[in-house]
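Below: one structure, written as structure tokens.
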There are 2 protein chains.
Amino acid sequence: MISFVSFKPDNSSPIYLQILAFVKRGIASGKIKDSDELPSRRALSVLLGINPNTVQRAFSMLEEEGLISSSHGVTSIVTAPPERVNKLKEEILAADAKSTAALFKQNGLSLEQAAALLAAYWEEV
Amino acid sequence: MISFVSFKPDNSSPIYLQILAFVKRGIASGKIKDSDELPSRRALSVLLGINPNTVQRAFSMLEEEGLISSSHGVTSIVTAPPERVNKLKEEILAADAKSTAALFKQNGLSLEQAAALLAAYWEEV
DNA sequence: GCACGTGTATTAATGCAATAATACACATGA
DNA sequence: TCATGTGTATTATTGCATTAATACACGTGC
């Protein structure tokens, strides 16, 4: 069963997108594995204190992307074969790296300064 | 006169917040300097193709933070003494570094891997 | 069989960013 | 002086993302 204990939604973006990102990053990083079982939509909505439809929306998007498999009456299962995981990992890392580089460049930093700054705050988070 | 040619709003957050962030990062990075003149609210709204009230909202928030000075009849002026710039720079860099570190950690990367990834995409953006 | 938990679908309600319209106050320059 | 452009303020409206409420369909296990 996938754990959502480390999932802390904020108000910076829609909750359903945060759930989507949480699961995708979990799969990409290996914390969530192929054939893992997801909590039911209702159970997760109670756990997170949100509306069941919000969970439903996130799960249906995961289904559209082929990352989970759903059927009536039973909880959904993660569908993440190795090649899919690698592809997802590359996508996420590339997107993160690009946005991060853009951010630091916008701040007028050099690559060396950016790396140093990252190192300075690495242990803090 | 502050230039907004590099300002490219997207639909990831409210436009007024993007304007706010654009100006703050500009000040922090030195691209926008103390006593620089801002375009008028109406002129900027025409330039960006948005409603004057959206610009007004961003500018009033900048005024609340003490980063611009406004008076009737004349365009607003940047108020950014050196100590304020340094403070702003620290705030922005710290926030960016923390969120970046958290992001890479969430992806299961080590500091070395994160730095390498950043370097790999640095020139691309 | 059937109670229960599950996935799925539809519709309504809510909140808020963005827009819109308008009015007033002030400064500048012809 | 006065026309013009500026900042400021108020109120209403629109559109859409999000949440909410509800009903229906299906599978499991007693």
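Just so it is clear: chains get the letters A, B, ... in the order the sequence lines come, proteins before strands, and each one is counted from 1. Note that the coordinates shown come from a computational prediction; the quantities given were computed from them, not determined experimentally. Atoms considered below: every heavy atom in the structure, side chains included; atoms not considered: hydrogens, waters and symmetry mates.
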Does a nitrogen or oxygen in the side chain of A:Thr75 sit under 4.0 Å from OP1 or OP2 of C:dG5? no

Roughly, in whole Å, what's the span from CE in A:Met61 to P in C:dG7? 18 Å

A:Glu37 CD to D:dT28 P: how many Å, rounded? 13 Å

Quick one: list whatever passes salt bridge (charged side-chain N to carboxylate O under 4.0 Å, His left out) with B:Glu65, sequence neighbours left out. B:Lys24

Side chain to side chain contact (heavy atoms under 4.5 Å, CB included) against A:Ser29, all qualifying residues, sequence neighbours excluded: A:Lys31

Do the numbers put A:Arg41 on top of the ring of A:Phe59, so that NZ or CZ is under 6.0 Å from the six-membered ring centre and no more than 45° off the axis? no

A:Ser60 near the nucleic acid: base, sugar-phosphate alone, or nothing, with a heavy-atom cut-off under 4.0 Å? nothing

Does A:Ser40 put a side-chain nitrogen or oxygen below 4.0 Å from OP1 or OP2 of C:dT6? yes

Calculate the interatomic distance between B:Glu63 atom CD and D:dT6 atom C1'; express it in whole Å. 14 Å

Return no unless some side-chain N or O of A:Arg41 is found under 4.0 Å from OP1 or OP2 of C:dT6. no

Roughly how many Å is it from CG in A:Leu44 to C1' in C:dG7, rounded to a whole number? 14 Å

In the 5'-to-3' direction, what one-character label does each nucleotide of nucleotides 14-30 of chain C receive under the scheme B = base within less than 4.0 Å of a protein heavy atom, S = sugar-phosphate only, - = no such atom? ---SSBBB-B-BBS---

